[in-house]
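In what follows, a structure is listed as structure tokens, so that the remarks can point back to it.
Residue indices begin at 1 and follow the sequence shown.
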Amino acid sequence: MERIRQQVDTIVRFLQPNLPFVNCHMVDYLTEQHWKRFVPVTMQRELRTVSDYLQAKEIFWGQFEPSFDGQEHDGGCFPAVREFIKNTRHFRLGGAEARGTALTLDEFMDALADCRRETRLKMTELMNVKKCHEVEVAAAVVASLCNGMAATQPGTSLQDILVIDAGDGKGYLSSRIALEHGIKVLGVDCNEANTSNAEKRRERLKSKIPKAVQKSNLEEDEHFTNLLQQGSLDTLYRTATQLIDFNTNLIELAQEYFPGGHHSTFCLCGLHTCGNLGPNCLRLFHKNPTIKGICNVGCCYHLMQEQFVVDEFYNPTKVSDNPGYGFPMSKYLRGKSFYLGRNARNLAAESIERACTNRENPSDKLGYRALLQVVLLECGEKKSHQVGRLKCGGFVDYVRRSVRRLALEQRVSITDESLQELEERFSAELEQLKVFYLIRQQFAPVVETLILLDRLLYLRECGHDRSFLVQLFEPVVSPRCYALIALK
């Protein structure tokens, strides 16, 4: 726990002076001169022309290549850019300042060697590549966790354990746990439409099972034999539309949906629990004595509510089902009154690994929105506006659609020719903006690391010594790849 606190302190010291940069609005990039304001002077001196910006993007995209540290692929040009990349990477999980805290999937599963479950059923139907990867891995981890719970809880067998999938959605994870590993699962979601879709998907899955079992050569396996003969998916996986809170009696809930069973021990899981739901699952694990294990992968950090800052565009309806604060969770960070800010949390959900692998540029609309801000100010519009997402066929079309959406036709008057001239005049700055975006993106895994360490520290503060941060997924395939896993 002391090591985690030290890592948290180190990351806080690094992030705090950079929070204005991390939380800046890209909308104001041109009007507030973000390049001069936030980019380190050493990098500004190196990057002055469109050619420089294009070369710098190659350096950012190549940071995960073996040749990066050796500086071979571009002759070691732009040393300040390289040094910045290396420095920020120190403060992410696995970096020099946060090393040894997150376990690899193999390390975690090796620790559960005596009760380890593997993925055997090859069944990609009804899921894309990303979801299939996540579900296969997470289902095996949850099943292994349940085996571990049965082994460490006196008088408890695997049949006594019920998995509760919080934020079940379409039932991808819960149906896989039940189908492949024969463990009973109750998928719980507040959205009735999600529950309905999960039930429809369960019915569609039934017709896929025989082919998948045959393809995987599992016809002789006792569990799959029973599954094929009895069609028991309905008895293993059921759904509920409701909110589980700290007062919910899970034993009564289990009896309602699985009558005749004797479920008194629960494993709480959640694959990409949105916003405050992730933190509240950890709190529920701590406060409910019948929940003996948890495996939670969070997402949508921008929808969390922070204790020490109010978001500029805060929408209370988005957190009504999961009240309370999502950050900070730990007593240690709460004692510092530390906050991140919405833009920082939004940034934390971006995948730098995927962006580099795919050589992604930010959307041209990001530059269009910054240029639109120039237009609005020149036309006397001082108020901040949210344009939102829209389809467009270039900058002129973007402005026209935005002005109509904002109902500003009477106040914003400018010709198409003037807009084209404006785009041409700022062409270098628009290329510069793309590099600025990549510079700022370097902080994304740092912010996510602090959020995850805060959650791990909360579990340790609550006395759960067997709590771990585990990288479950390949980050390029599934950017939110870390799970909080704990056993009582």
Side-chain angles (χ1 to χ4, degrees), residues 1-15 18 22 59-71 81-112 130 133-134 137-138 141 272 278 295-299 301 327 330 332-333 340 344-345 347-358 360 438-460 466-486:
M1 190 154 61
E2 183 56 33
R3 184 183 64 171
I4 298 171
R5 289 196 191 106
Q6 290 173 0
Q7 292 175 344
V8 165
D9 279 341
T10 300
I11 295 172
V12 166
R13 283 195 299 270
F14 175 68
L15 270 182
N18 288 295
V22 174
I59 295 176
F60 279 100
W61 289 333
Q63 64 181 281
F64 294 103
E65 296 175 5
S67 61
F68 178 79
D69 290 330
Q71 303 183 2
V81 174
R82 292 179 166 283
E83 190 59 33
F84 174 80
I85 293 172
K86 290 179 181 178
N87 188 40
T88 53
R89 287 173 65 178
H90 287 164
F91 299 92
R92 57 179 299 177
L93 285 170
E97 301 295 344
R99 184 169 289 140
T101 300
L103 299 175
T104 67
L105 178 61
D106 286 340
E107 287 171 339
F108 180 74
M109 294 298 269
D110 286 347
L112 289 173
K130 172 180 179 293
H133 169 64
E134 295 167 349
V137 173
V141 168
H272 295 143
C295 176
N296 184 269
V297 183
C299 74
Y301 302 129
F327 183 87
S330 66
Y332 187 67
L333 261 188
L340 289 166
R345 301 195 314 274
L347 183 67
E350 295 189 14
S351 170
I352 196 167
E353 289 91 350
R354 180 182 285 180
C356 292
T357 298
N358 297 335
E360 291 177 0
L438 295 174
I439 294 171
R440 182 170 170 267
Q441 195 178 50
Q442 286 296 127
F443 291 98
V446 180
V447 178
E448 183 179 32
T449 294
L450 186 60
I451 292 171
L452 294 173
L453 288 179
D454 173 61
R455 295 180 181 185
L456 178 62
L457 186 54
Y458 164 80
L459 290 172
R460 295 293 176 90
R466 292 194 295 173
S467 52
F468 310 94
L469 197 53
V470 184
Q471 182 179 334
L472 294 191
F473 314 129
E474 291 297 326
V476 175
V477 178
S478 179
R480 305 283 67 75
C481 59
Y482 289 97
L484 273 300
I485 301 178

> Is a donor on one side and an acceptor on the other found under 3.5 Å between the side chain of Arg440 and the backbone of Val22?
Replying inline: yes
>> Quick one, Met1 with Leu457, criterion side chain to side chain contact (heavy atoms under 4.5 Å, CB included). Give me CA distance, side-chain angles, the key distance, then yes/no.
In response: CA-CA 7 Å; Met1 190 154 61; Leu457 186 54; 3.5 Å; yes
>> List the residues meeting side chain to side chain contact (heavy atoms under 4.5 Å, CB included) with Thr10, not counting sequence neighbours, and say none if there are none.
In response: Arg13, Phe91, Glu97
>> Using side-chain heavy atoms (C-beta onward) and a distance below 4.5 Å, is Leu456 in contact with Leu484?
In response: yes
> What heavy-atom pair brings Cys295 and Ala483 nearest, and what distance separates the two atoms?
Replying inline: SG-CB, 4.3 Å
> Got Leu333 and Leu450 here, is their nearest side-chain heavy-atom distance under 4.5 Å?
Replying inline: yes
> Between Lys130 and Pro479, is any pair of side-chain heavy atoms under 4.5 Å apart?
Replying inline: yes
>> Contact between Leu472 and Phe108 at the side-chain level, heavy atoms closer than 4.5 Å - yes or no?
In response: no
> When rounded to the nearest 0.5 angstrom, what distance separates CG in Leu452 from CG in Asp454?
Replying inline: 9.5 Å
>> So Tyr301 and Arg480, do their side chains get closer than 4.5 Å, heavy atoms only?
In response: yes
> Do Ser478 side-chain atoms and Cys481 backbone N/O form a donor-acceptor pair below 3.5 Å?
Replying inline: no
> Do the charged groups of Glu2 and Arg5 touch, with an N to O distance under 4.0 Å?
Replying inline: yes
>> Is the positively charged end of Arg89 above the ring of Phe64, judged by distance under 6.0 angstrom from the centroid and angle within 45° of the axis?
In response: yes
> Any donor and acceptor pair, going by atom type alone, linking the side chain of Arg92 with main-chain N or O of Thr449 inside 3.5 Å?
Replying inline: no
> Can you check whether Gly100's main-chain N or O pairs, donor with acceptor, with Arg3's side chain at less than 3.5 Å?
Replying inline: yes
> For Phe327 and Tyr458, what are the C-alpha separation, side-chain angles and deciding distance, and is it a ring-ring contact (aromatic ring centres under 6.0 Å, His included)?
Replying inline: CA-CA 11 Å; Phe327 183 87; Tyr458 164 80; over 10 Å; no
>> Is the shortest side-chain heavy-atom distance between Leu347 and Glu350 below 4.5 Å?
In response: yes
> Can you name the side-chain hydrogen bond (donor to acceptor under 3.5 Å, both in side chains) partners of Arg345, sequence neighbours left out?
Replying inline: Glu306, Asp311
> Can a cation-pi geometry be assigned to Arg82 and Phe68, taking NZ or CZ under 6.0 Å from the six-membered ring centre and within 45° of the ring axis?
Replying inline: yes
>> I'd like to know whether Leu469 forms a side chain to side chain contact (heavy atoms under 4.5 Å, CB included) with Leu103, so could you lay out the CA-CA distance, the side-chain angles of the two residues, the decisive distance to 0.1 Å, and finally the verdict.
In response: CA-CA 6 Å; Leu469 197 53; Leu103 299 175; over 6 Å; no
> Do the side chains of Val141 and Leu112 get nearer than 4.5 Å, heavy atoms only?
Replying inline: no
> Is there a side-chain contact between Phe60 and Ile352, using heavy atoms and a 4.5 Å cut-off?
Replying inline: no
>> Walk me through whether His272 and Val297 qualify under side chain to side chain contact (heavy atoms under 4.5 Å, CB included).
In response: CA-CA 5 Å; His272 295 143; Val297 183; 3.4 Å; yes
> Just by distance, do the side chain of Arg354 and the backbone of Val477 share a donor-acceptor pair under 3.5 Å?
Replying inline: yes
>> Nearest 0.5 angstrom please: Ile59 CD1 to Phe84 CZ, how far?
In response: 13.0 Å
